[in-house]
Q: 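Submitted below is the structure of interest, expressed as C-alpha cells.
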Amino acid sequence: MADEDGSTLPARPARPQSAGARRDAGGDDRATIVTSGADRGASGGPGVWRAFRQRANLRDLRTAWLVIVPITAVVLVVNSLTNLSDLPQVDRWEPWTWEATSAISILLSLWIPWLATAAAPPDEAVGEGWRPKLRFAAIHLAALVAFSALHVAGFVLLRSFVYAAMDAGPYEFGDHFIYELRKDFISYGAFVATFWLIGYLRRRRDEPVRPVSFDIRDGARIIRTPLAEIVAVSSAGNYVEFWLADGRRPLMRATLAAVEVELERFGFVRAHRSWLVNAGAVTGLRPDGSGDWTVELGSIEAPVSRRYPRALDRLKG
C-alpha cells in the first residue's frame, strides 16, 4: 500500500528507528474523526470530497462577484474608449458591444475557476513531491481551456444577436481562439487567486473556537479525545494513525492530506510527507544533519524534513 505521495508502507508499519518513532502493543481501532459529533468521513475518497465541499462555498462565489463585477465594469469602459480612439473606422456601438459581451460571458463563466480552485487550491501545489503539482496543473489546465471555450462561445453568441439586431450582417469571429486563450490565461489566473484569497479569509473569519475534543468514531463507539492529547498523525498506507498522549494509536481510513485540512487550523503542522505534528505538544528539536530535524513530542519522536522549512520555523517558534 502507498500513502498519498507514493511512498510504500505496510498496512500496520513499524516505525523506523531513524525517525525515533516508538510503537507499543496498543489497540488497532479503526476510527473516524469528527468534531462536535459530526461525521468526518471514513475513507480517503470522502475525505477529499469533504475538503472540496468545504472550499466550494457559495459565499465565496458571491463575494467574488462583488469584487470582480466593478473591476470588470471599469475594464469594459476603458477598453471600449481605447478601441473607439484606435479604430475610428468602426461604428461607435461596436467596441461597446465587444467589451460588454465579453464581460457578460466572463461573469457567467466564473463558476469554472471557482470549482477548479476548490478542487486544487494553489497552496496544495507547493507540497512535497510531483503528484500535488501534477494534479494542480492538470485540473487548472483543463479548467482554463473550458473557461476560455465557454467565454468565447458566449460572447460570439451574444455578438451575433447584437449584430443581427443592428442589421450589421453576421458577426465573424474567425480562428482567433488561441489569441483569446492567451488573454484568458491572465484572467483565469487572477480569478483563481481571488477565489483562493476570499476562501482563505472566509475560513479564517468563520474559524470556530478551538474545540476541546474530537469525537473519534469506531463503528457505533465514540472515543472522545481532547485535542491536546492528539500528539501527531502519521500516514500508514491507506490509513492515518493518530498518536495519542495516553499511548493509544487509533487508525482512520483516509489520506494524510484530507486530515491535514481538518487539523491545520488547530495548530497541527505538516512536518514531513508522512507526518503531521501538534505544534503545542513539542518538547524539543534536534538536528539530524543535511538540514533534517527530529521533533520530540514527549516520548514520541517524528521527522521534520528540510523540504518543509516553514514547518521547522513554526515548530521552533
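Basis for what follows: all heavy atoms, side chains included, without hydrogens, waters or symmetry-related copies.
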Q: Do you know which two heavy atoms are closest between L76 and A103, and how far apart they sit?
A: CD1-CB, 4.0 Å
Q: Can a donor-acceptor pair be found, under 3.5 Å and without considering hydrogens, that links the side chain of S105 to the backbone of T101?
A: no
Q: Can R270 and E264 be counted as an ion pair, charged N to O under 4.0 angstrom?
A: no
Q: State which residues pass side chain to side chain donor-acceptor pair (under 3.5 Å) with T63; sequence neighbours excluded, sorted by chain then number.
A: none
Q: Apply the test side-chain hydrogen bond (donor to acceptor under 3.5 Å, both in side chains) to residues D123 and W196: give CA-CA distance (whole Å), side-chain angles for both, the deciding distance (0.1 Å), then the verdict.
A: CA-CA 9 Å; D123 51 314; W196 178 82; 2.9 Å; yes
Q: Do H151 and S187 pass the side-chain contact (heavy atoms from CB on, under 4.5 Å) test, and can you show the C-alpha distance, the side-chain angles, and the key distance before you say yes or no?
A: CA-CA 11 Å; H151 171 218; S187 299; over 6 Å; no
Q: Do W114 and F191 come close enough that some side-chain heavy atom pair is under 4.5 Å?
A: no
Q: Quick one: are V282 and E296 in side-chain contact, heavy atoms under 4.5 Å?
A: no
Q: Using ring centroids (six-membered ring only for Trp), state whether F161 and Y171 fall under 6.0 Å.
A: no
Q: Under 4.0 Å between a side-chain nitrogen and a carboxylate oxygen: does that hold for E229 and R248?
A: no
Q: Enumerate the ring pair (Phe, Tyr, Trp, His ring centres under 6.0 Å) contacts for residues 60-95, please, sequence neighbours excluded, ordered by first and then second residue.
A: W93-Y163
Q: Would you say the side-chain atoms of D292 pair up with the backbone N or O of D288, donor to acceptor, closer than 3.5 Å?
A: no
